[in-house]
Amino acid sequence: MSGGPGSAERVEGWADIRFLDPTPGLIDEFIRLVEAAPEIVEAHRIAGHYDFIVRFCAGDLGAWNSFRQSLDALGCSTHSRFSILVEPLK
């Protein structure tokens with residue numbers, strides 16, 4: 001989390017998302033969902049164990065949970081993990 005004296009707390013972090021049974025239509029829906037979500041400030045399609053990495057920044061974890069529920073509503077099977085920023089170093 002970041003913030004300082006007089007500033008509002010916010011939650012920043014990254015989520016790695018992997019589709020267990022991806023289809024081109026599902027990927028397109030996911031991209032539209034990411035583009036519409038203000039709490040997602042960066043998103044990248046990646047190669048490796050996960051399909052996407054997204055960076056989120058919101059007032060609290062409720063915004064991330066809302067995005068996650070929207071992802072679940074797509075009807076896809078996913079595996080995700082996320083990391084919360086504790087302290088920026090550089």
Side-chain angles (χ1 to χ4, degrees):
M1 291 185 204
S2 56
S7 69
E9 282 295 315
R10 66 177 188 221
V11 176
E12 294 182 42
W14 295 264
D16 301 313
I17 299 170
R18 176 176 52 144
F19 290 97
L20 302 179
D21 189 21
T23 64
L26 179 62
I27 299 300
D28 290 342
E29 287 183 61
F30 173 75
I31 291 169
R32 282 192 291 277
L33 179 64
V34 165
E35 289 173 343
E39 64 274 12
I40 304 300
V41 295
E42 264 183 75
H44 305 276
R45 192 164 190 180
I46 59 175
H49 188 70
Y50 289 89
D51 299 310
F52 293 91
I53 184 168
V54 297
R55 182 172 160 242
F56 59 91
C57 182
D60 58 31
L61 279 178
W64 168 253
N65 289 333
S66 177
F67 174 78
R68 180 71 186 152
Q69 289 171 353
S70 297
L71 182 59
D72 291 343
L74 291 179
C76 59
S77 296
T78 63
H79 177 266
S80 62
R81 67 179 183 163
F82 69 93
S83 304
I84 301 294
L85 176 66
V86 175
E87 177 184 15
L89 300 178
K90 181 177 178 181

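Both backbone and side-chain heavy atoms feed into the values below; hydrogens, waters and symmetry mates do not. Positions are given from 1, in the same order as the sequence printed here.
- V41 and I46 fall into different hydrophobic clusters, where Ile, Leu, Val, Met, Phe, Trp and Tyr are joined by side-chain heavy atoms under 4.5 Å apart, directly or via other members.
- Atom-to-atom distance recorded for F30:CZ and L74:CG is 8.5 Å, nearest 0.5 angstrom.
- When all heavy atoms of R10 and C57 are compared, the pair lying nearest together is CD-SG, 3.6 Å.
- Across every non-hydrogen atom of D60 and V11, the tightest pair is CA-CG2, 3.7 Å.
- Residues E12 and R55 share a closest heavy-atom pair of OE1-NH2, 3.5 Å.
- I31 is not listed as a side-chain neighbour of V34, based on a closest heavy-atom distance of 4.5 Å or more.
- Between L26 and P22, the shortest heavy-atom contact is CD2-CA, 4.3 Å.
- The salt bridge (Lys or Arg N to Asp or Glu O under 4.0 Å) search around E29 returns none, not counting sequence neighbours.
- Using a 4.0 Å cut-off between charged side-chain N and carboxylate O, D72 and R68 make a salt bridge.
- Linking ILVMFWY side-chain heavy atoms closer than 4.5 Å, directly or via other members, places I17 and L61 in a single hydrophobic cluster.
- The CZ atom of F52 sits 12.0 Å away from atom CG of D16, with the distance rounded to the nearest 0.5 Å.
- W14 and F56 get closest at one heavy-atom pair: N-CE2, 3.6 Å.
- The only option from D51, I53, V54 that meets the side-chain contact (heavy atoms from CB on, under 4.5 Å) definition with H44 turns out to be I53.
- Here OG of S70 is found 11.0 Å from CG of N65. Values are rounded to the nearest 0.5 Å.
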